[in-house]
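Working notes, beginning with the structure itself.
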Amino acid sequence: MLETEFCGLKLKNPTVLASGILGTNAALLKRVVREGAGAVTMKSIGPREKLGHPNPTVIEWEHGLINAVGLPSPGYQNIESEFAELKNCSAPIIASIYGASVEEFETVAEAVAEYKPAIIEINISCPNTKKEGQIFGMSPEMATDVVSAVVAKTGKIPVMPKLTPQAPKIADIAVACEKAGANAICAVNTLGPGMLIDIEARKPILANKFGGVSGPAIKPIAVRCVYQIYRAVSIPILGMGGINSGKDAVEMMMAGASAVGIGTATHYRGIEAFKLIADEIKQWMKEHEVKSVKDLVGAAHD
Ligand SMILES: Cc1cc2nc3c(=O)[nH]c(=O)nc-3n(C[C@H](O)[C@H](O)[C@H](O)COP(=O)(O)O)c2cc1C
């Protein structure tokens with residue numbers, strides 16, 4: 001009932017671990033698979049070893065999390081052992097990559113493709129240092145440049161750009177990515193920049209002052225983004241942003257997602273979130289006599 005297919009991959013259920021959360025090493029990724037995830041995404045891999053921002057980097061507030069981890073990464077040069085450990089993992093592994101220029105994306109993509117992950121996710125929510133720090137995913141032209149450069153380096157491995165909800169016309173970015181050769185779209189990354197202030201200390205709480213907002217606060221925005229993307233492209237969508245329950249997942253699939261990313265929910269529901277959410281989707285389907293998750297995908301569209 002929950003088995004589905006995403007971008008040519010068989011998933012035992014539509015839940016996928018989102019990048020950067022619990023996915024920081026191979027042992028944890030395998031644990032997430034044992035806890036029921038249909039597929040898992042690794043932490044974004046960058047062009048060099050990087051520590052990330054100083055603490056505090058992740059703060060919980062009433063409606064979600066705000067984070068400025070600063071993309072800490074071992075760098076593509078130091079990932080061999082992690083991929084070796086993941087070799088016999090029973091669920092598909094999605095590798096996530098980032099760079100600060102098209103050339104950096106190319107270099108990282110070529111190196112990561114050697115390890116043959118099931119999908120390469122391209123995190124285009126990061127700044128292009130060659131274009132005054134503009135976010136790649138804010139412009140169809142920059143998104144096209146990155147996606148076509150990565151596609152040229154990755155052979156048969158499907159490529160999935162991850163879009164930012166900040167894009168004024170997110171469907172245009174998705175269309176540009178599809179035309180550039182993307183095989184799927186991941187939507188969305190965190191929304192930001194956001195800020196929280198400790199009023200007693202009269203100071204911003206995050207060491208970086210600003211960060212990306214995730215969790216329930218961004219769900220309506222994420223659902224709208226997926227809805228608009230679904231109308232504009234014919235490639236599958238991995239929908240994420242604030243999914244905390246089976247009903248949230250059903251909603252995201254009705255907007256057009258073929259599979260759903262789970263990130264901040266692991267903070268509220270623990271590592272069991274995948275099994276719990278999958279069971280809740282199943283329960284909802286039984287109650288509504290829906291036989292296959294595929295029947296939910298795009299069901300909210302006219
Ligand atoms: C602590 C933290 C770290 C993250 N790191 C990454 C990352 O390395 N790469 C990436 O593409 N997205 C990263 N994200 C974004 C998530 O993968 C996801 O897109 C976002 O949090 C929305 O989903 P959620 O509301 O279910 O968490 C991170 C999010 C959080 C909260």
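Start at 1 and go down the list; that is how both ligands and their atoms are numbered. These numbers come from the heavy atoms of this one structure, side chains and all, not from hydrogens, waters or symmetry mates. This chain uses plain numbering: 1 for the first residue, then up along the sequence.
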One thing to verify: whether Lys247 and Glu251 come together as a salt bridge, which I'm taking to mean a side-chain N less than 4.0 angstrom from a carboxylate O. no

Would one find an N or O of Gly263, backbone or side chain, under 3.5 Å from an N or O of ligand 1? yes

Among all protein non-hydrogen atoms, which one is nearest to atom 20 (C) of ligand 1, and what is the separation to 0.1 Å? Thr190 CG2, 3.9 Å

Transitive ILVMFWY side-chain link Leu65 to Leu22, under 4.5 Å: no

If you measure from the Lys or Arg side-chain nitrogens to the Asp or Glu carboxylate oxygens, is any gap between Glu82 and Lys87 under 4.0 Å? no

Going by distance only, is there an N or O of Ser44 that falls short of 3.5 Å from an N or O of ligand 1? yes

Got a salt bridge between Arg202 and Asp198, using NZ or NE/NH1/NH2 to carboxylate O under 4.0 Å? no

Report yes or no: does Asn13 contribute a side-chain atom to a donor-acceptor pair with the main-chain N or O of Gly36 at less than 3.5 Å? yes

Should you measure from each heavy atom of Gly215, which atoms of ligand 1 turn up under 4.0 Å away? 25 (O)

Any N/O of Asn67 closer than 3.5 Å to an N/O of ligand 1? no

Polar proximity ligand 1 side, Gly242 side, N/O cut 3.5 Å exclusive: yes

Let me check something: do Ile66 and Met240 share a hydrophobic cluster, defined by ILVMFWY side-chain heavy atoms less than 4.5 Å apart, either directly or through other members? no

Is the count of non-hydrogen atoms from other residues, nucleotides or ligands lying under 6.0 Å from Lys12 atom NZ greater than 12? yes

Within 4.0 Å of some non-hydrogen atom of Thr264, the atoms of ligand 1 are 24 (P), 25 (O), 26 (O), 27 (O)

Distance under 4.0 Å to a non-hydrogen atom of Ala18: what atoms of ligand 1 satisfy this? 17 (O)

Considering non-hydrogen atoms of the protein only, which is the closest contact for atom 15 (C) of ligand 1, and what is the distance? Asn189 OD1, 3.4 Å

Relative to the heavy atoms of Leu71, which atoms of ligand 1 are at a distance of less than 4.0 Å? 7 (C), 8 (O)

Look only at interatomic distance and state if Lys162 has a nitrogen or oxygen under 3.5 Å from any nitrogen or oxygen of ligand 1. yes

Atom 4 (C) of ligand 1: which of Pro165, Ser19, Gly52 has the nearest heavy atom? Ser19

Main-chain N/O of Ala100 paired with Thr129 side-chain donor or acceptor, under 3.5 Å: yes

Among Glu121, Lys43, Met42, whose heavy atom sits nearest atom 5 (N) of ligand 1? Lys43

Ligand 1 atoms in contact with Gly241 (distance to a heavy atom under 4.0 Å): 22 (C), 23 (O), 25 (O)

Atoms in ligand 1 with a heavy atom of Val188 nearer than 4.0 Å: 19 (O), 22 (C)

Give the ring-plane orientation class for Trp61 versus His63, where under 30° counts as parallel, over 60° as perpendicular and anything between as tilted. perpendicular

